[in-house]
Amino acid sequence: MDEQLQKIKQDFLQDLKTVKDNLQLEELEQKFFSRRSGEMTEIMKKLKDLSVDARKKFGKLANEVKKELEDILIEKQIELNNQLVNKIADTEWIDITQPKLPVKDRGHLHPNTIIQNDLEDFFTSMGFLVLDGPELESDYYNFTAVNIPPTHPARDMQDTFYIKDHGPDSDSPWVMRTQTSPMQVRAMQKHGVPIRAIIPGRCFRNEATDVRHEHTFYQLEGIVIDKNINFSHMKGVLEAVAKHLYGNETVVRLRPKFYPFVEPGVNGEVTCFLCKGAGCRVCKNTGWLEIFGAGMVHPNVLREGGVDPEKYQGFAFGFGLTRLVMLKYGIDDIRNLQNGDIRFLKQF
Ligand code: DAH
């Protein structure tokens, strides 16, 4: 027993010499002290088989050796940690007197994000929430819930990408949302009424792309529901937005247009910011720029949102965010906004 103890101690000290980092130290600790098979642990286990006298004698000795080796382990650990700290201090220091390097090629926001942020600030200043919605949307929310039932011809104008076998109910197909309007219903269901919210977001359509059409683009939806909301509130809000975007002298023109989810529905134009209505290249000589659709929310849509149309009413609007960006920066090819061409993006 005595010899065994001495041998363990010798082996331990020998092994210790080769330890260079914490990992190796841990391995050493395991070899001698692991509960299951550590050499020192094994010897301690054997003590119980000795006679009373022998146990007294060797027990004391074994405990002393064990304590001695454990102390050595701790010391080694402290030594290794100090080494590590010194090494870091030697190699990783900061010269606080060094002048800062010029920042080259710092990134910046995409023009779409610039306009979106600006409008989010403007609408929050009027008490609107800013909500986010799913880009992969159920057929139900994208169409049916906003009063476009399966056989409705309005579906033809918004062909999109259908996703097969997706979601819990794969009988109802899922689509890449064609508009942010489904969020009208989701917002009412989730937040209840009264509500004032905008929903900026990415939309998708199955388009043959050209300078004015793209499979991916951005809209900014808005919804206001409360008691006694009428058409003039809608006009007031949209005029405020138009003036914020294009200046105080901007005039808004509303003309009737059919959208399934509103009644009455309008198409919204503003006087061209470039020619102030005289007619130019930007407005194609009409003097007007069409930038949104809007209307009083249809009772069917309110009902889908869990709202009683006899008690509450309101308006909704949808801006072509991508269109606003193109107008603001004079971008004449919509595809530039998505293609990631750095030469284009660097201009903003
Ligand atoms: N969702 C429509 C579109 O994509 C835009 C729109 C029109 C939104 C009228 C509205 C609205 O909320 O009231 O063409």
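One-based numbering along the sequence shown.
A single hydrophobic cluster is seen to contain both Val241 and Leu327, as judged by linkage of ILVMFWY side chains at heavy-atom distances under 4.5 Å, directly or through other members. The hydrophobic cluster containing Val211 does not contain Leu337, counting ILVMFWY residues as joined when their side-chain heavy atoms lie under 4.5 angstrom apart, directly or transitively. In the hydrophobic clustering of ILVMFWY residues, with side-chain heavy atoms under 4.5 Å counting as a link, Ile195 and Phe128 come out apart. Val325 is connected to Val270 through a chain of hydrophobic side-chain contacts under 4.5 Å among Ile, Leu, Val, Met, Phe, Trp and Tyr, so both are in one cluster. Side-chain heavy atoms closer than 4.5 Å link hydrophobic residues (I, L, V, M, F, W, Y) into clusters, and following such links, even through other members, never connects Phe122 to Ile199.
Under the 4.0 Å criterion applied to side-chain N and carboxylate O atoms, Arg212 and Asp210 are not assigned as salt-bridge partners. The residues Glu214 and Arg335 are annotated as not salt-bridged, no charged nitrogen and carboxylate oxygen being separated by less than 4.0 angstrom. A salt bridge links Lys76 to Glu79: one of the charged nitrogens lies within less than 4.0 Å of a carboxylate oxygen. In this structure, Glu239 pairs ionically with Lys235, as a charged nitrogen and a carboxylate oxygen lie closer than 4.0 Å. Asp11 has a carboxylate O that lies under 4.0 Å from a charged side-chain N of Lys7, or vice versa, which qualifies the two as a salt bridge. Ion pairing of Glu42 with Lys45 is present here, as a side-chain N (NZ or NE/NH1/NH2) and a carboxylate O approach within less than 4.0 Å.
Here CG of Leu129 is found 10.0 Å from OG1 of Thr124. Values are rounded to the nearest 0.5 Å. A distance of 10.0 Å separates OG1 of Thr250 from CZ of Phe273, quoted to the nearest 0.5 Å. One finds the OG1 atom of Thr216 at 9.0 Å from the CD atom of Glu135 (value rounded to the nearest 0.5 Å). Taken from CG in Leu5 to CE in Met40, the straight-line distance is 5.5 Å, to the nearest 0.5 Å. Once rounded to the nearest 0.5 Å, the distance linking CZ of Arg55 with OG of Ser51 reads 8.0 Å. Considering OG1 of Thr209 and CG of Asn339, their distance stands at 11.0 Å, rounded to 0.5 Å.
No donor-acceptor contact under 3.5 angstrom links the side chains of Gln14 and Gln10, judged on distance only.
Inter-residue side-chain proximity for Ile225 and Pro194 is flagged as unmet; no heavy-atom pair is nearer than 4.5 Å. Residues Tyr246 and Leu324 are in side-chain contact: their nearest non-hydrogen atoms beyond the backbone lie under 4.5 Å apart. Counting heavy atoms from C-beta on, the side chains of Val237 and Val224 never come closer than 4.5 Å. No side-chain heavy atom of Phe217 sits less than 4.5 Å from a side-chain heavy atom of Arg202. Residues Glu290 and Asn267 meet the side-chain proximity criterion, which asks for heavy atoms closer than 4.5 Å. Using a 4.5 Å cut-off on side-chain heavy atoms (C-beta onward), Leu119 and Pro200 make no contact. Side-chain contact check for Leu73 versus Phe33: some heavy-atom pair is nearer than 4.5 Å. Looking at heavy atoms from C-beta onward, Met234 lies out of side-chain contact with Phe317 at the 4.5 angstrom threshold.
Counting only distance, with no hydrogens or angles, the side chain of Glu221 and the backbone of Ser181 share a donor-acceptor pair below 3.5 Å. Side-chain atoms of Thr144 do not come within 3.5 Å of backbone N or O of Pro149 as any donor-acceptor pair. Under a 3.5 Å cut-off, the side chain of Gln219 and the backbone N or O of Gly201 do not form any donor-acceptor pair. A distance-only check finds a donor-acceptor pair linking the side chain of Gln24 to the backbone of Lys20 [under 3.5 Å]. Judged purely by atom type and a 3.5 angstrom limit, Lys284 has no side-chain atom pairing as donor or acceptor with the backbone of Arg281. Panel note: side chain Asp139, backbone Trp174; no donor-acceptor pair is recorded below 3.5 Å. With hydrogens and angles disregarded, a donor-acceptor distance shorter than 3.5 Å links the side chain of Thr18 to the backbone of Asp15. A donor-acceptor contact shorter than 3.5 Å is absent between the side chain of Thr113 and the backbone of Leu109. With hydrogens and angles disregarded, no donor-acceptor distance shorter than 3.5 Å links the side chain of Arg323 to the backbone of Leu289. Panel note: side chain Thr91, backbone Lys87; a donor-acceptor pair is recorded below 3.5 Å.
Residue Glu3 places its CD atom among 12 or fewer non-hydrogen atoms of other residues, nucleotides or ligands, all under 6.0 Å distant. Counting non-hydrogen atoms of other residues, nucleotides and ligands closer than 6.0 Å to CG of Asn228 gives a total of 12 or fewer. Taking a 6.0 Å sphere around NZ of Lys328, one finds it holds 12 or fewer heavy atoms contributed by other residues, nucleotides or ligands. With a 6.0 Å radius and a threshold of 12 heavy atoms from other residues, nucleotides or ligands, Asn86 has its CG atom above the threshold. Within a 6.0 Å sphere centred on NZ of Lys9, other residues, nucleotides and ligands contribute 12 heavy atoms or fewer.
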Next on the checklist: Set out, in order, the CA-CA distance, both residues' side-chain angles and the distance that settles side-chain hydrogen bond (donor to acceptor under 3.5 Å, both in side chains) for Asp95 and Thr97, then state yes or no.
Outcome noted: CA-CA 5 Å; Asp95 178 0; Thr97 65; 2.6 Å; yes

Item to check | Worked check of salt bridge (charged side-chain N to carboxylate O under 4.0 Å, His left out) between Asp71 and Lys67 | outcome: CA-CA 6 Å; Asp71 286 349; Lys67 172 93 175 49; 3.0 Å; yes

Next on the checklist: For Gln179 and Tyr259: C-alpha separation, side-chain torsions, deciding distance, then whether side-chain hydrogen bond (donor to acceptor under 3.5 Å, both in side chains) applies.
Outcome noted: CA-CA 12 Å; Gln179 48 183 353; Tyr259 293 104; over 6 Å; no

Item to check | Full working for side-chain contact (heavy atoms from CB on, under 4.5 Å) between Ile43 and Gln4 | outcome: CA-CA 8 Å; Ile43 262 231; Gln4 257 179 315; 3.7 Å; yes

Next on the checklist: Met44 vs Leu47, test: side-chain contact (heavy atoms from CB on, under 4.5 Å). Steps then yes/no.
Outcome noted: CA-CA 5 Å; Met44 300 303 278; Leu47 285 178; 4.3 Å; yes

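Classification of the Tyr329-Phe348 ring pair by plane angle, with boundaries at 30° and 60°, yields perpendicular. Note on ring orientation: taking the six-membered ring where Trp is involved, the planes of Phe319 and Phe292 are tilted (angle from 30° to 60°). Ring pair Phe161/His215 is perpendicular by interplanar angle, where above 60° counts as perpendicular and below 30° as parallel. Using a 30° and 60° split on the angle between ring planes, His152 and Phe258 fall in the parallel class, below 30°.
Counting all heavy atoms, side chain and backbone alike, Ala208 lies closest to His213 at O-CB, 3.8 Å. When all heavy atoms of Pro111 and Leu345 are compared, the pair lying nearest together is CD-CD2, 4.3 Å. The two residues Cys280 and Leu274 make their nearest non-hydrogen contact at SG-CD2, 3.9 Å.
Under a cutoff of 6.0 Å and an axis angle of 45°, Arg186 and Tyr141 form a cation-pi pair.
For His298 and Phe261, the gap between ring centers reaches or exceeds 6.0 Å.
Looking at Glu137, Arg205, Gln158 one by one, the single match for side-chain hydrogen bond (donor to acceptor under 3.5 Å, both in side chains) with Thr178 turns out to be Gln158.
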